[in-house]
Amino acid sequence: MKRKTLIGLISAAAVLAAGRYVYSGMGAAEVLRKLAGIRLSAELFRQEHKRLPRSFAETLSAGSLEEVPRLKLRWHPARSSVRDTASMTIRDTGAWAYVNDPASPDYGLLYIDCAHRDEKGRFWSEF
């Protein structure tokens with residue numbers, strides 16, 4: 001009986017911890033500060049190479065950015081990557097995204113790929 005109770009308590013604690021992780025996320029100020037830093041690295045790349053990166057990974061290999069900052073939004077796992085995409089399409093990955101198609105009107109845009117809202121009710125993808 002004690003063993004079943006202990007297993008039940010451990011299971012309940014694990015469920016609570018998982019729920020807290022999924023529900024928790026960074027505040028808008030921290031996310032926007034990180035987004036500004038990533039955008040700055042793309043701009044530094046553009047100034048140095050006289051063109052936008054064809055893939056965001058080029059900013060890392062060129063040394064414009066040491067590493068992609070961690071992003072943790074509510075309802076999403078933490079991510080430290082930038083997804084290259086042909087257009088600004090929200091897939092709700094909860095990660096950074098970069099438009100790398102020169103034919104797109106959004107070419108060079110770095111955005112937050114999330115369909116949820118921040119604590120002030122703004123969509124993350126609007127920034």
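- Linking ILVMFWY residues whenever their side-chain heavy atoms come closer than 4.5 Å, directly or via other members, places Met26 and Phe127 in the same cluster.
- Between the CG atom in Asp92 and the NE2 atom in His116 there is a gap of 5.0 Å [rounded to 0.5 Å].
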Test log, rule side chain to side chain contact (heavy atoms under 4.5 Å, CB included), inputs Phe123 and Cys114: CA-CA 8 Å; Phe123 285 104; Cys114 182; over 6 Å; no
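- What you find for Glu119 and Ala28 is that their closest heavy atoms are OE2-N, 3.0 Å.
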Trace of the side-chain hydrogen bond (donor to acceptor under 3.5 Å, both in side chains) decision for Asn100 with Ser55: CA-CA 6 Å; Asn100 68 341; Ser55 168; 5.4 Å; no
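- Under the 4.5 Å side-chain criterion, counting only non-hydrogen atoms from C-beta, Ser125 is in contact with Met88.
- At a threshold of 4.5 Å between non-hydrogen side-chain atoms, the residues Thr85 and Phe56 do not count as touching.
- Put simply, Phe45 and Leu110 are part of two different groups of oily side chains (I, L, V, M, F, W, Y) that touch within less than 4.5 Å, one to the next.
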Audit row: Asp113, Trp124, side chain to side chain contact (heavy atoms under 4.5 Å, CB included) steps and yes/no: CA-CA 7 Å; Asp113 183 21; Trp124 285 110; over 6 Å; no
From CA spacing to verdict: salt bridge (charged side-chain N to carboxylate O under 4.0 Å, His left out), Glu43, Arg39: CA-CA 6 Å; Glu43 178 58 24; Arg39 285 179 173 163; over 6 Å; no
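- Within 6.0 Å of CD on Glu66 lie no more than 12 heavy atoms contributed by other residues, nucleotides or ligands.
- A salt bridge is defined here as a Lys NZ or Arg NE, NH1 or NH2 lying under 4.0 Å from an Asp or Glu carboxylate O, and Glu30 with Arg70 fails to meet this definition.
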Working for salt bridge (charged side-chain N to carboxylate O under 4.0 Å, His left out), residues Arg51 and Glu58: CA-CA 11 Å; Arg51 65 173 178 82; Glu58 284 187 280; 2.8 Å; yes
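- The same ILVMFWY cluster, assembled from side-chain heavy atoms under 4.5 Å apart, contains both Leu73 and Tyr98.
- You'll find the side chain of Leu35 reaches within 4.5 Å of the side chain of Trp96, heavy atoms only.
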